[in-house]
Chemist: 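Have a look at this one before I ask anything.
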Protein chains: 2
Amino acid sequence: MSRSARLRWSTASELLRLVYAEPGITRTAACERLALASGAATELIERLRGARLLAEHRADRGGPGRPTTVLGPHPRGPLAAVVDLSAAGWRVLLGDLAGALTEAAAGSYGDREPAGFLPEVAGAVGAAVRREPGRVGAVVAAVAGAVSGTRLLQFSTRGWHAADLGVLAGGPGVPLLVGNDATLGGIAEARGGAVRGARAALHILVAVGVGGALLVDGRPVTGARGAGGEYGHLPLGDPDLACPCGARGCWDLMVDGRALARHRGDPVPRDPFAYGRNVLDAVRSGKAPDRDRRAVERTARALGAGIAGLVNLHDPDAVTLAGLAPGLRAGAPEAFADAYRGGLMAFHRADPPPVADAVHGADGPVRGALALGFDEITGPAALARWGAHRTR
Amino acid sequence: MSRSARLRWSTASELLRLVYAEPGITRTAACERLALASGAATELIERLRGARLLAEHRADRGGPGRPTTVLGPHPRGPLAAVVDLSAAGWRVLLGDLAGALTEAAAGSYGDREPAGFLPEVAGAVGAAVRREPGRVGAVVAAVAGAVSGTRLLQFSTRGWHAADLGVLAGGPGVPLLVGNDATLGGIAEARGGAVRGARAALHILVAVGVGGALLVDGRPVTGARGAGGEYGHLPLGDPDLACPCGARGCWDLMVDGRALARHRGDPVPRDPFAYGRNVLDAVRSGKAPDRDRRAVERTARALGAGIAGLVNLHDPDAVTLAGLAPGLRAGAPEAFADAYRGGLMAFHRADPPPVADAVHGADGPVRGALALGFDEITGPAALARWGAHRTR
DNA sequence: TACTTTTACTCGGAGCACGAGTATATTTCC
DNA sequence: GGAAATATACTCGTGCTCCGAGTAAAAGTA
């Protein structure tokens, strides 16, 4: 990719990213935001229309003056394919520049290992790509487990072996991105969710264990291979407890359904997420015994204290909670707040970063994956490739 | 700053950053690296010479063919002023595009608080800026303490009150950047030190407490206000120990001179860094009693275990150790390695990120500060401002 | 001195941003 | 219903950068 081509498409990239970030933005507003001169705007938008990257529709809002248009996705514009590998089953979706998602296929794992069902998923991806020829610019897999590069290392509760997700690639020239659900959920919160626009946001997901991400300007900090964000395997917990990950004292064991079970005197639950939700629902309804209340309190305290340490570490503007975490806080608000405040360094305590519940639920990871896909698609290099075939 | 000006200077920015990153690079090599066409190179370099941003010198290496030139700083090119506020005293230095640093002023704190000596330092900065009129494009303060924005929150061992370093600004249009020594030392290691070129590097500095930074492509992840990297205030330690920061269980207390003193049965030392160095030197020399050896072992273990957790968290390519940390590891290598390996998640254990001692010593923070200053100076916007007055 | 090798410069072409000036589409007012 | 007001979009000449093929230059080598 030549340097001049990248430069040529860099303004186009900015505009398309703005349109993605703020669906329904008008042409005038977008140009003003980019400080784009009037003539340049005309030429740029005409070029993007010609390249099937953008379409305009009348914006009918009152007031005098020549009406402007709303910028939106071109009907034959680029799409991102999202592969959702959640605990419940798999889905393949297609999303456009407006953030509209349509399900293309879905299925369940049954009793199969990844090697068993991945070909099926890959087939669904391929079918979706072929159904919209030339339009799919990226495939993004959202995985409910630990990942490294395109490898799945560990999956939710299921005891799957590690597997390479490379088979999900959508064909030559279509990059495959893989992210875990906590990271992608964090992206969704930082870009269009509870902490939209935060410069640095910390997202914490409690499911089976704890995952999360630090988002800087909406981009996740995921380390060399995308395996970062494993907050649950910081040794913030009891050093006498061995974690299935191989280490000891992992925070994981202090804040999820397994912690609640331990405090209540139950054995390790088969599905810690469902177990945790049940306990929290019971406490929430007010009909739970004191033992349950205390278990939630201890767990919320461990959550709050750990988050405080992570705030010391990352200095975020704000924190978002997802999965069981909002329920844990709601079930023992004082315990959580005490532990949170108490764990902050003095200078943070004067002005603690607000802790908000995530606004995206189960669709957070998929929304984040779509955003990541369009980051790729709307980059200058990818646009230059797209435009090379479609302009004029 | 108009968009066209930024675009115009963006290639210039890339070239200057390359020259900074690889001092002594030849014109040919630089153009090849940037994939810059021959004609564009001629025009670009002529423009940069004219703008006093670059100078060329004959590269005398044998072989046939027309000789190329070495790209270097212009004799009247931009400079960054570095203010070093270390535990020992303060210095003001000027650095150029080649990384050459010259000391412009220095002094000691005496018994003064920041409010007492900062005017003196600010005066020295002003004098340095005036001595090279128009050349200083950024002032960077390297502070041995916690910072937030341009505020100094806490300084090394001295019990100073928080203070605003804004007075160090070098005048209108000259931005002031503030970073702590752990962060800046990490930059130095990631760009020209032990882990040069690493995509994600974790730097750990043990001095009084633990600081550090995650460097992604050489850029530190420092959160919303630059206060990130306070690894020492993660609750990885004994929850019964109260930290001066206000929280409990801070890792700080487990890995620095205070930890060694506690394990040896000594009271909290007045200068934990010097205390730690003495103990480590003694153990290193082999003449220390078993009690000291065991103290170092326990401390090295706490260090290794914590770093393992941080590797789980950040997924770095490599880790660098600075301050007392190399000595702790050297004093109890098996204990450190055991704890490090033992704390890693299984998939990291198969291929643990290498842990290297930092190659920069006391000058690391200053070198990192200079790099940060030139990041600012060689950005497209700053170049456009510089070039607007000096071209033609 | 002539040849080889490597690098730098020349120059016409293409593309984008700028910005002042002009045209256009809508609402509001008379 | 028509004119004025208003907000927006388009036109076009200018300046800038990058491209790339061709040419010139500066060394070593025979």
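Throughout, protein chains are lettered first and strands after them, A, B, ... in sequence-line order, and every chain is numbered starting at 1. What you are looking at is a predicted structure, and each value in this text was computed from that prediction instead of being measured.
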Chemist: Please tell me if A/R66 has a side-chain N or O lying less than 4.0 Å from either OP1 or OP2 of D/dC10.
Modeler: no
Chemist: Just how far, in rounded Å, is C1' of C/dT7 from CD1 of B/I25?
Modeler: 16 Å
Chemist: Let's see if you can work this out: which of C/dC18, D/dA26, C/dC9 has an atom nearest to the side-chain heavy atoms of B/R58?
Modeler: D/dA26
Chemist: Measure the spacing between CG of B/L54 and CD of B/E46 and express it to the nearest 0.5 Å.
Modeler: 12.5 Å
Chemist: What is the separation between atom CD on B/E43 and atom P on D/dC19, rounded to the nearest whole Å?
Modeler: 11 Å
Chemist: Measure from the side chain of B/T28, starting at C-beta and using heavy atoms only, and say which of C/dA17, C/dT7, D/dA21 lies closest.
Modeler: C/dT7
Chemist: When you get a sec, tell me which of C/dT5, D/dC18, D/dA9 is the closest nucleotide to the side chain of A/L7?
Modeler: D/dC18
Chemist: Assess whether atom CZ of B/R17 is packed by more than 12 heavy atoms of other residues, nucleotides or ligands within 6.0 Å.
Modeler: yes
Chemist: D/dC10, OP1 or OP2 - any side-chain N/O from A/T42 closer than 4.0 Å?
Modeler: yes
Chemist: Which residue lies toward the 5' end of DNA chain D, A/S4 or A/T68, if each is placed at its nearest nucleotide?
Modeler: A/T68
Chemist: Would you call B/E22 and B/R33 a salt bridge, taking side-chain N to carboxylate O under 4.0 Å as the test?
Modeler: yes
Chemist: Does A/S38 put a side-chain nitrogen or oxygen below 4.0 Å from OP1 or OP2 of D/dC10?
Modeler: no
Chemist: Between B/S2 and B/S4, is there a side-chain donor-acceptor contact under 3.5 Å, judged purely by atom types and distance?
Modeler: yes
Chemist: Is there a side-chain contact between A/T11 and the phosphate of C/dA17, meaning an N or O under 4.0 Å from OP1 or OP2?
Modeler: yes
Chemist: If you compare every side-chain N and O of A/R27 against the phosphate oxygens of D/dT8 (OP1, OP2), does one of them come in below 4.0 Å?
Modeler: no
Chemist: Check the distance between D/dT14's P and B/R8's CZ and give it to me in whole angstrom.
Modeler: 17 Å
